[in-house]
Amino acid sequence: MSRNKNLLMILIVAALVFLYKLIFSSKDKGGFLDEIRDKEIKSIVSKKYINYDNHNIPFLVYGNKDSIVIYRDWWDKISVGDSILKPKGSLEVVIKNSDKIERFDYEDKFGLDK
């Protein structure tokens with residue numbers, strides 16, 4: 001009987017570890033930045049929203065349905081209707097309209113070396 005209890009405990013611990021990794025395996029900073037780096041954007045900001053279901057993360061929607069995460073301190077500097085440009089392989093986003101050109105760099109936010 002004790003052998004069955006030990007086997008059951010091992011299975012429970014393994015299941016908990018598996019569930020923990022499945023549920024709480026969030027992307028690290030590198031993964032997040034890699035995802036941003038892989039995007040190429042040449043579009044217009046069509047919407048700004050805060051995803052209250054996901055830690056109140058601010059997003060910009062561009063084009064039809066594509067979106068990109070932005071930092072909170074960028075929020076007030078970007079308006080619907082602004083042009084958004086980001087070359088693939090870069091972490092710099094350029095926001096333009098007739099009155100301004102703003103450059104935002106995801107690496108600067110984390111203090112990473114380029």
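Hydrogens, waters and symmetry mates are skipped; everything else that's a heavy atom, side chains included, is used.
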Under 4.5 Å between side-chain heavy atoms, chaining through other members, with only Ile, Leu, Val, Met, Phe, Trp and Tyr counted: pull out the rest of the cluster around V94, sorted by chain and number. L85, I101
Answer yes if Y49 and Y52 sit in the same cluster of Ile, Leu, Val, Met, Phe, Trp and Tyr residues linked by side chain heavy atoms under 4.5 Å apart, and no otherwise. yes
In terms of hydrophobic clusters joined by side-chain contacts under 4.5 Å, are I50 and V80 together? no
Mark yes when over 12 heavy atoms from residues, nucleotides or ligands other than K100 sit less than 6.0 Å from its NZ; otherwise mark no. yes
Can you tell whether the side chains of E35 and R37 come within less than 4.0 Å, N to carboxylate O? no
Between R103 and E92, does any side-chain N to carboxylate O distance fall below 4.0 Å? yes
Roughly how far, to the nearest 0.5 Å, is [atom2] of [Y] from [atom1] of [X]?
X    : Y   : atom1 : atom2 : value
N51  : S67 : CG    : OG    : 9.0 Å
E107 : S90 : CD    : OG    : 8.0 Å
M9   : L7  : CE    : CG    : 11.5 Å
I70  : I78 : CD1   : CD1   : 4.5 Å

What is the minimum heavy-atom distance between H55 and R72, and which atoms define it? O-NH2, 3.2 Å
Shortest non-hydrogen contact from K48 to L60? CG-CD2, 3.5 Å
Between the side chain of K86 and the main-chain N/O of I36, is any donor-acceptor distance below 3.5 Å? yes
Taking S46 for its side chain and V61 for its backbone only, find out whether a donor-acceptor pair lies under 3.5 Å. yes
Centroid-centroid distance, W75 to F59, less than 6.0 Å: no
Given the side-chain rings of Y71 and F104, with only the six-membered ring counted for Trp, is the space between their centroids under 6.0 Å? no
side-chain hydrogen bond (donor to acceptor under 3.5 Å, both in side chains) partners for N97, two or more places apart: D82
Is there a side-chain contact between [X] and [Y] (heavy atoms, below 4.5 Å)?
X   : Y   : result
V93 : I95 : yes
Y62 : K39 : yes
I44 : I84 : no

